[in-house]
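The structure is given below, and queries will be raised subsequently.
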Amino acid sequence: MSLQTESKKGFDGLSQNGIVIWLFGLSGSGKTTISTLLKEKLEGEGYFTVTLDGDVLRTGINKDLGFSESDRAENIRRAAEIAKVMLKSNIITICSFITPLVEHRALAAEIIGEQYFEVFLDCPLAICQKRDVKGLYKNAGLNLIKNFTGVSARFEPAIHADLIIKTHIESPAESRDKVFSNIISKINQHPQILIANPGH
């Protein structure tokens with residue numbers, strides 16, 4: 001099916017329903033990896049997709065924020081507002097944020113609305129610490145990083161997630177495919193345009 005037929009049109013004439021896919025979990029749970037793989041798959045299918053990554057935003061628009069609970073909430077608020085702007089143009093936006101507290105996720109959901117799809121990357125802390133690709137857990141253990149989620153700052157597991165993925169017992173590709181299969185119908189649910197045939 002062509003993406004340019006029989007649907008409402010958003011950014012640059014795209015024919016897709018916008019959605020915000022919010023990936024959250026501990027550092028090392030696989031958020032950025034799955035976000036990248038999902039973006040590649042969606043673009044391979046012809047969908048226009050952007051990603052918002054917590055680490056990237058903290059080098060720019062959110063570089064003034066620390067890691068207190070109030071700053072973390074503001075970090076999420078800004079990201080959700082950006083995603084909401086994307087959503088208005090029917091853009092598929094994949095967000096990758098630790099989003100440690102239930103209230104942070106509720107804030108994102110409230111801002112974004114019904115097209116918010118929450119995915120919890122459920123990976124045990126011990127596995128995330130073992131991966132530690134950025135050396136963050138090591139530095140947190142040495143008290144070189146303050147308020148580090150899972151070590152010196154709290155993380156609340158999912159309560160209302162739309163999808164829970166066990167990233168420690170499946171491959172990144174399997175995790176990506178689970179997300180894809182859960183959101184593809186949502187971005188394809190377009191009202192069909194019925195054209196009257198004067199000859200009948």
Audit row: T51, T36, side chain to side chain contact (heavy atoms under 4.5 Å, CB included) steps and yes/no: CA-CA 8 Å; T51 58; T36 301; over 6 Å; no
Heavy-atom check, side chain of I92 versus side chain of I21, under 4.5 Å: yes
Residues E69, R154: salt bridge by 4.0 Å N-O rule: yes
Test item: H104 and E156 side chains (from C-beta on) under 4.5 Å apart, heavy atoms: no
Nearest-0.5 Å distance that lies between atom CD1 in I184 and atom CG in D177: 11.5 Å
I164 side, atom CD1; K178 side, atom NZ - distance, nearest 0.5 Å: 11.0 Å
Criterion side chain to side chain contact (heavy atoms under 4.5 Å, CB included) on H160 and R105, from CA distance to verdict: CA-CA 9 Å; H160 302 298; R105 294 162 225 151; over 6 Å; no
Inter-residue atom distance Q16.CD - K186.NZ, 0.5 Å rounding: 15.5 Å
Residue pair D55 / D53, side-chain heavy-atom distance below 4.5 Å: yes
Distance (rounded to the nearest 0.5 Å) between L87 CG and I91 CD1: 9.5 Å
Polar contact flag, side-chain donor to acceptor under 3.5 angstrom, E170-S175: yes
Check: W22 ring centroid to F117 ring centroid under 6.0 Å: no
Nearest-0.5 Å distance, NZ of residue K31 to CG of residue L121: 7.0 Å
R131 (side chain) donor-acceptor with A126 (main chain) under 3.5 angstrom: no
Pair Y47, N188: side-chain N/O donor-acceptor within cut-off below 3.5 Å: yes
Side chain proximity check, F24 to V119, heavy atoms < 4.5 angstrom: no
Hydrophobic cluster identity match, V56 and L38, side-chain contacts under 4.5 Å: no
4.5 Å side-chain heavy-atom contact, V85 and K88: no
Note, I165 side chain near F120 side chain (heavy atom, < 4.5 Å): no
Taking every non-hydrogen atom, the tightest pair across G28 and C128: C-SG, 3.8 Å
Short side-chain to backbone donor-acceptor contact, S29 and L26, under 3.5 Å: yes
Connected via hydrophobic side-chain network under 4.5 Å: I98 and I61: yes
Test log, rule side chain to side chain contact (heavy atoms under 4.5 Å, CB included), inputs R58 and F67: CA-CA 11 Å; R58 279 187 175 276; F67 293 93; 3.4 Å; yes
Pairwise side chain to side chain donor-acceptor pair (under 3.5 Å) hits with a residue in residues 106-120, at least two apart: Y116-E118
V50 with V20, same ILVMFWY side-chain cluster at under 4.5 Å: yes
Shortest non-hydrogen separation from N62 to R78 and the atoms involved: OD1-CD, 2.8 Å
Residue pair D122 / T167, side-chain heavy-atom distance below 4.5 Å: no
Shortest non-hydrogen contact from A83 toward C95: CB-SG, 4.1 Å
Contact check, side chains of I82 and T93, non-hydrogen atoms, under 4.5 Å: no
Short N-O contact, R77 and E74, less than 4.0 angstrom: yes
From I76 atom CD1 to T99 atom OG1, the distance as rounded to the nearest 0.5 Å: 4.0 Å
Cluster link I187 to L163, ILVMFWY, side chain under 4.5 Å: yes
Joint cluster assignment, L107 & L65, ILVMFWY side-chain distance < 4.5 Å: no
Heavy-atom pair of closest approach, residues K39 and I94: N-CD1, 3.7 Å
Closest contact, heavy atoms only, T33 versus P172: CG2-CB, 3.9 Å
Which atom of A79 lies closest to which atom of L52, heavy atoms considered: O-CD1, 3.8 Å
Stepwise side chain to side chain contact (heavy atoms under 4.5 Å, CB included) test for F155 and L125: CA-CA 10 Å; F155 180 88; L125 176 61; over 6 Å; no
